[in-house]
Amino acid sequence: MSLRFELLVTPDCPNAETTEALVKRTVERLLPDAAFTRIVVSSSAEAKELDFPGSPTLRINAEDLEG
């Protein structure tokens, strides 16, 4: 099973670009077969649906790293 990395961010997150670059670079180097997806959370309803605690949030195989 391949690992799936998801970066959830709000449209105005000041840390989104830096976090995405760091995570993508690390994943590409260490786990080239892993999938990476950036998900932009644009509304309160979407945040609730995704159980989104705040921006940025990194999930691996749908598991929030900060728990």
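This is a predicted model, so every value here is computed, not measured. No hydrogens, no waters, no symmetry mates; every other heavy atom, side chains included, goes into these values.
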Does a side-chain heavy-atom distance below 4.5 Å link [X] with [Y]?
X     : Y     : result
Thr37 : Leu7  : no
Glu20 : Phe36 : yes
Leu31 : Phe5  : yes
Phe52 : Thr10 : yes
Leu8  : Pro56 : no

**OP:** Spell out, as yes or no, whether a donor-acceptor pair under 3.5 Å connects the side chain of Asp64 to the backbone of Arg59.
**Re:**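 Pair absent, no side-chain N/O of Asp64 close to backbone of Arg59.
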
Subject >> Closest contact, heavy atoms only, Val9 versus Ala16 >> reply: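 Taking every non-hydrogen atom into account, CG1-CB, 3.7 Å.
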
**OP:** Indicate the atoms forming the closest heavy-atom contact of Ala35 with Ser2, along with that distance.
**Re:**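 Scanning both residues completely, I find the closest heavy atoms to be N-OG, 4.2 Å.
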
Original post:
Given the rule in the side-chain contact (heavy atoms from CB on, under 4.5 Å) test, do Thr19 and Leu58 qualify, once you have shown the distances and angles that lead to the verdict?
Top reply: CA-CA 9 Å; Thr19 303; Leu58 181 61; 5.9 Å; no

Original post:
What pairs with Glu17 under salt bridge (charged side-chain N to carboxylate O under 4.0 Å, His left out), at least two apart in sequence or on another chain?
Top reply: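 By the salt bridge (charged side-chain N to carboxylate O under 4.0 Å, His left out) rule, Glu17 matches Arg38.
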
Starting from [Y], can I reach [X] by hopping between I/L/V/M/F/W/Y residues whose side chains sit under 4.5 Å apart?
X     : Y     : result
Val23 : Val40 : yes
Leu65 : Ile39 : no
Val27 : Leu22 : no

Subject >> Any pair counted as salt bridge (charged side-chain N to carboxylate O under 4.0 Å, His left out), so long as it reaches residues 44-53, sequence neighbours left out >> reply: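 Residue pairs passing salt bridge (charged side-chain N to carboxylate O under 4.0 Å, His left out), neighbours aside: none found.
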
